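Throughout, numbering of the chain's residues begins at 1 and tracks the sequence. Given the structure is predicted, the values throughout are model-derived calculations rather than measurements.
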Amino acid sequence: MIKKTTAFYVVVVGSLASFMAAYTSNAVTMALPELARVFHLSNILQNWTINLYLLTMAILSVPFGKICAQKGLKKSFFYGALVFFIGTAGIIVAINTEMLLFFRFIQAIGSAAIFVSSVSMIVKAVPNNQRGRALGINIAAVYIGLSLAPVLGGTLTYNFGWESIFAITLPVSFIVVALTYLKIKEEWKLDANDPIDIKGSVFYGIGISAFMYGFTELHTLTGQAITAVGVIFLIIFIYYELKQKYPIFNVRLYKNHKFLSSNIASVISYISIFSVSTIINYHFQYILGWNAQMTGLILISMPVMQAIVTPQSGKLSDLINPQKLSALGMGLATIAILILTTMDDSTSVYIIIIALMIGGVGYGLFSSPNTNTIMSSVPPNETTMASAAVATMRVIGQTLSIGILTVIFAFVMGNVAITPSVYPQLSESCHLALICSTVLGVISVLASLVGMNSNDKLNTTQR
């Protein structure tokens, strides 16, 4: 049991803040129709309400890994939570599109600092024999936030308006800021005197922005060209970083096969599973004609199982090979997605619920051990780099998952409104997306198994 020491409060504030940041990244999806009506948003601007948040986090996660290490993990987390609070309050009082997008951008800056610094603080503050359990609690908070977002977002928007999905995070973020200031007195700094690699940050920012934006438009020639530019800049970034004495991100960490395989497993797992809730949402709201509130009650079955399993799998990962648990968990999640590929308008809702529950158990078994492997496979002074990798893999995976769904929709349905006349094409698109997710799930399992057989050792004494 983690006692009420600095470590206890680090886990509490880190988990609360991670939940808020993850929840906010997804909950806005359920409010898009209402936001479009209030702010007169075009389809493109609706998408940017989501994409701006994810893209900002993806761009900042890597440089924040270095900056947070130098300036102090606690300080970075505190100001990240404060910026998140300001951004959220600004969104609620926004009176036009420009204010909405600006404060969404501010909110994402805070989220990036929270995600990068919270995991590193836990690794530094919690005793090594409790690290897996502590990471399990934190990662459970992230996945519960991501998974509950459609449920809470839909219910709150339906009953209280779009502002409510942001308003409920304000008291929680205030508690996080207050507890961090009052209860966490210790500070952790790494490489305080190293210079910041500005040029590397620019290469990475351009590369990841172009790649992620271009991928969402991959069905067009322009999108393909932008994606190619992004890949080129990312290659330049890697080549440049290998030559730097003080890189913004130490790409040499990927020479550790456990670190490499776990990051590959992580990003592919997100690509595989992140769009599943969106697909189920389309199936119930469009094909079956259910409302957002009823759909949310079905979707909650997955995060409930994740909430139960994730902390326990983190604890187990302190005792047995974490990559073995990761492979087992992702295997179960893949079986769940495979079951969902048979879904049509005659499929029993109980089968869908069972599949979602299996998926929740599987991803709960996968996530904490996989993160524990990543954080334990680097030297103590590289924990913020590893934390940045965890956050970056998450955001890239989320974006590419929705990107694949978007590309499939574009090829099968075209750029049309979803009306009853295109429901057959909608079902076909969802079916193809689930098949892709199943294949990607298998690849994620294989990545964990490959890493498990690596001769590289985990650092079990890291503090």
Side-chain angles (χ1 to χ4, degrees), residues 15 18-19 22-23 25-27 29-30 132-133 135-155 265-284 294-317 322 324-343 347-372 394 397-398 401-402 430 433-434 437-438 440-442 444-445 448:
S15 299
S18 295
F19 171 84
Y23 159 79
S25 71
N26 278 10
T29 303
M30 306 302 291
R133 184 181 183 187
L135 286 172
I137 294 171
N138 182 262
I139 300 304
V142 172
Y143 290 126
I144 293 169
L146 291 173
S147 302
L148 280 181
V151 182
L152 293 178
T155 301
S266 177
V267 69
I268 295 177
S269 75
Y270 271 108
I271 299 173
S272 171
I273 209 164
F274 184 71
S275 63
V276 170
S277 61
T278 302
I279 292 170
I280 301 299
N281 181 46
Y282 282 140
H283 177 75
F284 280 112
M294 288 297 296
T295 300
L297 292 175
I298 301 299
L299 289 174
I300 201 172
S301 53
M302 179 179 282
V304 164
M305 299 311 298
Q306 285 179 272
I308 295 170
V309 173
T310 304
Q312 301 307 315
S313 69
K315 186 177 180 179
L316 279 174
S317 71
K324 185 180 294 185
L325 285 174
S326 298
L328 173 63
M330 199 59 210
L332 285 174
T334 303
I335 290 172
I337 300 172
L338 180 62
I339 294 172
L340 291 173
T341 61
T342 65
M343 183 176 64
T347 302
S348 169
V349 67
Y350 297 108
I351 292 177
I352 296 174
I353 291 174
I354 290 171
L356 289 173
M357 292 177 70
I358 294 172
V361 171
Y363 213 59
L365 277 174
F366 169 83
S367 53
S368 296
N370 188 71
T371 302
N372 197 8
R394 179 189 302 127
Q398 291 171 355
S401 184
I402 298 300
C430 291
L434 288 169
S437 292
T438 303
L440 289 165
V442 173
S444 182
V445 172
S448 293

inquiry  = Just so I know, are the side chains of Phe284 and Ile352 near enough to count as touching, which here means a heavy-atom distance under 4.5 Å?
reply    = yes
key: side-chain contact (heavy atoms from CB on, under 4.5 Å) between Ser275 and Ser437, intermediate numbers included   = CA-CA 9 Å; Ser275 63; Ser437 292; 4.2 Å; yes
task = Please report the shortest heavy-atom distance between Tyr363 and Ser269, naming the atom on each side.
result = OH-OG, 2.8 Å
task = Check whether any side-chain heavy atom of Val361 sits under 4.5 Å from a side-chain heavy atom of Met357, and report yes or no.
result = no
note = In short, Gly364 meets Pro369 closest at the heavy-atom pair O-CD, 4.5 Å
task = Return the minimal non-hydrogen interatomic distance between Leu325 and Ser317, and the atom names on each side.
result = CD1-N, 3.8 Å
ask   = Atom CG in Leu316, atom CD in Gln312: separation rounded to 0.5 Å?
value = 7.5 Å
query = Shortest non-hydrogen contact from Ala27 to Ala149?
reply = N-CB, 3.4 Å
Nearest heavy atoms of Ala355 and Ala336, plus distance in Å = O-CB, 3.1 Å
key: Separation between OG of Ser313 and CD1 of Ile308, rounded to the nearest 0.5 Å   = 12.5 Å
inquiry  = Ignoring hydrogens, what is the shortest heavy-atom contact between Phe366 and Ser326? Give both atom names and the distance.
reply    = CD1-O, 3.3 Å
inquiry  = One pair to check against side-chain contact (heavy atoms from CB on, under 4.5 Å): Met302 and Ile280. What are the steps and the verdict?
reply    = CA-CA 12 Å; Met302 179 179 282; Ile280 301 299; over 6 Å; no
Ile273 CD1 to Ser367 OG distance, which is reported to the nearest 0.5 Å = 9.5 Å
Rounded distance [0.5 Å steps], CG in Leu299 versus CG in Leu356 = 6.5 Å
task = Could you walk me through whether Ser368 and Thr310 pass side-chain contact (heavy atoms from CB on, under 4.5 Å), step by step?
result = CA-CA 6 Å; Ser368 296; Thr310 304; 2.8 Å; yes
Spacing of Leu440 atom CG and Tyr270 atom OH [to the nearest 0.5 Å] = 15.0 Å
key: Atom pair CD1/OG of Ile298 and Ser277 - distance to nearest 0.5 Å   = 13.5 Å
inquiry  = For a 4.5 angstrom cut-off between non-hydrogen side-chain atoms, does Ser272 reach Met330?
reply    = yes
